Protein chains: 2
Amino acid sequence: MTPQDNTALPDPPPPAPDEEAARHASARSARASALTEDYVEIIADLLEREGEARPTDIARRLGVAHATAIKTIARLKRDGLARARPYRGVFLTDRGWDMARKMKARHQTVVAFLLALGVPADVAEVDAEGIEHHVSDATLAAFERFLAHAAQGDGR
Amino acid sequence: MTPQDNTALPDPPPPAPDEEAARHASARSARASALTEDYVEIIADLLEREGEARPTDIARRLGVAHATAIKTIARLKRDGLARARPYRGVFLTDRGWDMARKMKARHQTVVAFLLALGVPADVAEVDAEGIEHHVSDATLAAFERFLAHAAQGDGR
DNA sequence: TGTTGAATGTAGCAAAGGCAACACTTCACA
DNA sequence: TGTGAAGTGTTGCCTTTGCTACATTCAACA
Ligand SMILES: [Mn+2]
Ligand SMILES: [Mn+2]
Ligand SMILES: [Mn+2]
Ligand SMILES: [Mn+2]
């Protein structure tokens with residue numbers, strides 16, 4: 001009902017309609033990839049740590065029902081990111097491993113970055129789990145720059 | 001196929017299963033709210049700038065078909081965030097305005113923060129559109145702290 | 001005052017991502 | 001060597017978020 005506070009801010013310029021639509025389209029697309037990226041990241045971690053990635057373990061780590069995980073794994077196969085045969089566990093293709101490496105690096109960088117900013121560890125982990133999927137290469141580079149800077153300047 | 005680079009990193013501890021599932025559940029829930037938040041933010045902006053928020057304008061700014069926007073608006077109504085009567089435009093409830101104010105502030109802070117980090121403006125806008133929905137209060141506060149710091153220390 | 005183009009609304013379709021319930025395989029071990 | 005529990009897969013259902021195609025309403029203006 002009541003419009004807003006409006007405490008004399010410069011008020012950013014009106015959005016250029018095309019660009020705003022493109023921005024939202026990018027965000028939608030990143031949102032759509034987020035689930036896939038989390039699955040691949042978790043499968044890689046299970047394979048490295050346990051030697052195998054079973055649907056139930058994947059589901060447990062994501063907090064979803066195993067039927068849901070199995071359906072998503074089918075999509076990973078369809079999209080050429082994973083291979084799996086009945087009752088034989090899940091494996092990643094080369095493309096899957098590429099994505100997994102990328103996401104692991106991103107995840108670690110985003111968490112380290114938030115920690116360096118003074119965000120509490122548990123909050124940093126939660127936020128990073130979502131933020132990691134929306135961080136472009138340029139922004140990731142900026143995070144790394146900041147971390148390098150902080151590491152070097154910390155004995156100042 | 002090939003596991004990974006593994007250039008002698010400390011390797012973070014194995015995830016505590018319950019906490020990881022909870023983290024992913026939080027991220028899923030934030031993802032689900034993201035669309036709603038963008039709609040409300042855009043409706044508020046249209047109401048403030050133009051005095052009215054028409055389905056077609058909302059759809060254009062999001063880059064979706066008008067039918068899609070109308071269906072989502074119905075959900076906003078169902079959820080007590082908006083009011084609308086046929087052919088009469090869309091309005092926000094008090095709860096809708098609360099959310100809109102929150103998201104506008106978040107959006108501005110995230111963009112300003114990325115810019116301060118040295119991220120190019122166009123990239124900052126795109127990334128912020130997704131990141132804003134995954135930034136907790138604690139992280140937002142850290143961003144603001146950083147901005148205050150940067151502003152003050154910049155004449156050094 | 002009629003016409004007509006833009007805006008709005010509706011219907012039907014599809015894919016993604018959830019769930020619970022049920023059926024089938026495996027495999028450890030009694 | 002059976003067998004039963006754990007893991008796996010299947011089915012049917014739901015909601016969300018998109019789309020296109022079509023129907024209706026509104027309003028400007030000829
Ligand atoms: Mn994630
Ligand atoms: Mn992650
Ligand atoms: Mn957004
Ligand atoms: Mn926004």
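Because the structure is a prediction, the values reported are computed rather than measured. Lettering of chains follows the sequences in order, A, B, ..., and the numbering in each one begins at 1.
No option in Val111(A), Thr109(A), Val110(A) other than Val111(A) meets the side-chain contact (heavy atoms from CB on, under 4.5 Å) test with His107(A).
Distance Arg88(B) CZ to dC26(D) P: 7 Å, rounded to the nearest Å. Going from atom CD1 of Ile70(A) over to atom C1' of dG7(D) covers 9 Å, rounded to whole Å. The NZ-P distance, from Lys71(B) to dG9(C), rounds to 14 Å in whole Å. Here dA7(C) presents its P atom at 6 Å from CZ of Arg54(B), a figure rounded to the nearest Å. Here the P atom of nucleotide dT8(C) and the CD1 atom of Ile73(B) are 9 Å apart, to the nearest Å. Distance Leu46(B) CG to dA7(C) P: 14 Å, rounded to the nearest Å.
Residue Leu117(A) holds its CG atom at 8.5 Å from OG1 of Thr139(B), rounded to the nearest 0.5 Å.
Scanning atom types as modelled, no donor and acceptor separated by under 3.5 angstrom connect the side chain of His66(A) and the base of dG7(D).
Other residues, nucleotides and ligands contribute only 12 or fewer heavy atoms inside 6.0 Å of the CD atom of Glu19(B).
Contact annotation: Thr56(A) side-chain N/O to dA6(D) OP1/OP2 distance is not under 4.0 Å. For Arg28(A) and dG18(D), the shortest distance from a side-chain N or O to OP1 or OP2 is below 4.0 Å. For dT16(D), one of the phosphate oxygens OP1 or OP2 lies less than 4.0 angstrom from a side-chain nitrogen or oxygen of Arg78(B). Distances shown here put a side-chain N or O of Thr68(A) below 4.0 Å from the OP1 or OP2 atom of dC19(C).
Across all strands, Ala65(A) comes closer than 4.0 Å only to sugar-phosphate atoms, never to a base (heavy-atom distances). Arg60(A) comes within 4.0 angstrom of no nucleic acid atom, judged by non-hydrogen atoms across all strands. Using a 4.0 Å heavy-atom criterion, one finds that Ala67(B) contacts the bases of the nucleic acid, with or without backbone contacts as well.
When each of Arg75(B) and Ala53(A) is assigned the nucleotide of DNA chain D bearing its nearest heavy atom, the one mapping closer to the 5' terminus is Ala53(A).
For Tyr87(A), taking side-chain heavy atoms from C-beta onward, the closest of the listed nucleotides dT8(C), dC24(C), dG17(C) is dC24(C).
Under 4.0 Å is where a charged nitrogen must lie from a carboxylate oxygen, and between Asp57(A) and Arg54(A) at least one such pair does. Look at Asp45(A) and Arg61(A) and you find a salt bridge, because one of the NZ, NE, NH1 or NH2 atoms lies within 4.0 Å of a carboxylate O, short of that distance.
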